[in-house]
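Working notes, beginning with the structure itself.
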Amino acid sequence: MTNILCIGAGFVGGPTMAVIAKHCPEHCVVVVDINAEKIAAWQSDQLPIYEPGLKEIVLGVRGKNLFFSTEVDRHITEADIIFVSVNTPTKTFGQGAGRAADLQYWEKTARQIVENSTSPKIVVEKSTLPVRTAEAMERILNSNEKGLFFDVVSNPEFLAEGTAVDDMRNPDRVLIGGRQTPSGQKAMQAIVDIFAHWVECERIITTNLWSSELSKLAANAFLAQRVSSINAIANLCEKTGADVTEVAHAIGADSRVGSRFLRASVGFGGSCFKKDILNLVYLCEFYGLYEVAEYWEQVVKMNEYQQASFVSKMVTAMFNTVASKRIAVFGTAFKAHTSDTRESPALAVCRELLDEHAQVVLTDPYALESARADLGAVADQVTFEPDPYAAAQGAHAIALATEWPQFAELDYAAIYETMVHPAFIFDGRNILDHKALHAIGFNVYAIGKPPLTHFENPLPAA
Ligand code: NAD
Ligand code: UGA
């Protein structure tokens with residue numbers, strides 16, 4: 001039996017360890033966190049995050065070979081392998097503020113591991129980190145006076161929220177990076193052996209440490225770049241009469257491009273794309289690669305433009321003012337099937353609408369509580385309404401910001417009757433039946449498509 005510990009019981013630590021525990025019944029898996037409330041939730045029936053399929057897996061292994069605890073020090077002492085999955089947000093202070101990764105939680109963990117260890121261990125970087133962080137980690141860990149040696153392995157996580165369980169159980173690849181020394185190779189093999197319980201060996205990629213660390217940042221940058229690229233084209237579609245769905249289909253049919261991740265939208269959100277690209281930008285600048293930095297920064301700038309221009313299109317279409325108008329924002333999660341609202345475009349839209357003095361009503365099936373928390377000081381100016389029908393009642397417009405499938409199945413004819421007319425709908429995810437909505441009476445504005453309105457001379461969408 002191997003004692004596996006994960007430090008950090010968040011969106012990554014919880015689901016990844018639950019899947020490891022399920023597939024490796026002979027190992028004991030413990031997940032620790034300094035946040036006692038979160039640990040209590042992991043121990044209860046109300047898990048701290050919503051992920052399809054997660055509860056079933058947790059309930060199947062919890063108390064058998066999966067445990068949640070706040071006793072960080074004790075479990076460090078007992079562990080053979082420690083995955084570190086703490087948060088690595090963008091730094092908000094000092095050197096590199098607004099770009100570099102804030103590694104304070106990460107470094108604290110490293111020091112805590114040294115203090116509480118009485119035996120050598122494998123320490124696994126699960127968090128997303130700047131390339132060459134493992135070097136700093138090794139220095140902190142191996143400068144101990146106990147004569148203990150720690151191997152550092154990089155095993156970045158590629159799961160996406162909303163599909164975390166499926167992504168873990170059936171990953172495109174698992175990436176494991178380590179030192180090319182005998183000890184480093186042995187440590188890497190120990191991590192390979194865990195995943196080999198359920199992942200075919202062809203999908204387990206082993207590399208050197210730096211390739212593994214950099215591949216994680218690069219993968220997120222490439223994915224976000226696709227969204228910004230199709231959103232850039234969507235803007236041109238709106239000016240020219242082309243339809244972005246048709247264009248995306250035509251582009252994606254080329255097998256060199258591929259069809260996935262070409263959904264034009266109100267912008268990408270989530271806790272990682274922006275922070276990881278800014279981290280990449282900072283690293284490029286650090287190494288004097290200013291043109292490379294500028295290239296990647298444009299992906300984030302395009303995303304900010306996309307979110308802001310969604311609201312300016314709304315204002316223009318609604319006779320150049322939304323002041324005092326009730327606007328129902330459908331969806332607060334940064335994508336469907338998650339309760340996470342970190343960096344959600346819905347909240348960016350909400351803030352911009354508040355700046356325009358609109359009366360904003362937010363509705364979401366799972367993410368209203370986290371929206372309230374993430375909105376902070378402006379939460380008091382917003383109404384939170386779990387029922388989309390009630391949210392739309394008396395509204396001048398609906399702004400759909402999250403692609404929850406249930407939003408496509410609502411009775412829009414009934415909704416239309418309860419709204420102020422002329423009624424507007426802005427589909428920031430292109431999931432609604434625009435022709436049907438137009439036939440009901442709505443003035444319909446989608447992303448990258450010609451508007452469908454009932455005005456003889458519709459105001460331009462932008
Ligand atoms: P999170 O904020 O949900 O969870 C991190 C947890 O670490 C928190 O609960 C926090 O209390 C805990 N923590 C911080 N310091 C600690 C300490 N010293 N001891 C014990 N616990 C501590 O973050 P997350 O979304 O799980 O992301 C974790 C890392 O994984 C980040 O680097 C992120 O970039 C990366 N990542 C995230 C995702 C995702 O979908 N969210 C996917 C892939 C990679
Ligand atoms: C992303 C990556 O997909 C994961 O591989 C990675 O592990 C993770 O970041 C991370 O490092 O945190 P996630 O942010 O959970 O996962 O979700 P995505 O499915 O990538 O969506 C990100 C954002 O892009 C969402 O707001 C989504 O709505 C938006 N998006 C995605 C689009 O607007 N269009 C698309 O075609 C795809």
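In listed order, ligands and their atoms are each counted from 1. Remember, predicted model here, so these are calculated numbers, not experimental data.
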[X] versus ligand 1: do any nitrogen or oxygen atoms come within less than 3.5 Å of each other?
| X | value |
| --- | --- |
| Lys216 | no |
| Arg342 | yes |
| Lys108 | no |
| Val72 | no |
| Phe158 | no |
| Glu161 | yes |

How does [X] reach ligand 1, by side chain, by backbone, by both or by neither, if only non-hydrogen atoms under 4.0 Å count?
| X | answer |
| --- | --- |
| Val86 | both |
| Ser127 | both |
| Arg111 | neither |
| Thr128 | both |

Between [X] and [Y], what is the ring plane arrangement, given parallel below 30°, perpendicular above 60°, and tilted in between?
| X | Y | answer |
| --- | --- | --- |
| Tyr366 | Tyr50 | parallel |
| Phe424 | Phe426 | parallel |
| Tyr412 | Phe330 | tilted |

So, the side chain of Arg226 versus the backbone of Val257: is there a donor-acceptor pair under 3.5 Å, distance only?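 The answer is yes, because a donor-acceptor pair under 3.5 Å joins these two groups.
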Going by the atom numbers of ligand 1, which of them fall below 4.0 Å from some non-hydrogen atom of Gly10?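 Once the distances to Gly10 are compared, the set is 1 (P), 3 (O), 4 (O), 26 (O).
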Considering the heavy atoms of Thr88, write down every atom of ligand 1 situated less than 4.0 Å from one of them.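 It comes down to these atoms of ligand 1: 31 (C), 32 (O), 34 (O).
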Out of [options], who is nearest to [atom] when you count heavy atoms only?
| atom | options | answer |
| --- | --- | --- |
| atom 12 (C) of ligand 1 | Val32, Ile7, Asp33, Leu103 | Asp33 |
| atom 23 (C) of ligand 2 | Gly269, Ala219, Gly270, Ala346 | Gly269 |
| atom 5 (O) of ligand 2 | Phe158, Phe268, Phe11, Phe273 | Phe158 |

Within-4.5 Å side-chain heavy-atom neighbours: Lys216 and Leu175: no
Can you list the ligand 2 atoms lying under 4.0 Å from a non-hydrogen atom of [X]?
| X | value |
| --- | --- |
| Leu223 | 2 (C), 3 (O) |
| Lys216 | 6 (C), 7 (O), 10 (C), 11 (O) |
| Arg429 | 26 (O), 27 (C), 28 (O), 33 (O) |
| Leu262 | 36 (O) |
| Ala160 | 3 (O), 15 (O), 16 (O), 17 (O) |
| Val227 | 30 (N), 31 (C), 32 (C), 33 (O), 34 (N), 35 (C), 37 (C) |
| Ser265 | 32 (C), 33 (O) |
| Cys272 | 10 (C), 11 (O), 12 (O) |

Could Arg111 and Glu115 be called an ion pair, given the rule that one side-chain N must be under 4.0 Å from one carboxylate O? no
Quick test of your reading of the model: are Glu304 and Lys301 salt-bridged, counting only N-O distances below 4.0 Å? no
Measure from NZ or CZ of Arg62 to the centre of the six-membered ring of Phe68, then state whether that distance is under 6.0 Å and the direction lies within 45° of the axis.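 Here Arg62 fails the 6.0 Å and 45° test against Phe68.
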Heavy atoms from other residues, nucleotides or ligands near OH of Tyr282 exceed 12 (cutoff 6.0 Å): yes
Got the closest protein heavy atom to atom 20 (O) of ligand 2, with its distance?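 Here the closest protein heavy atom is Phe261 CZ, 3.1 Å.
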Hydrogens and angles aside, do Asp167 and Thr163 bring a side-chain donor and acceptor to less than 3.5 Å of each other? yes
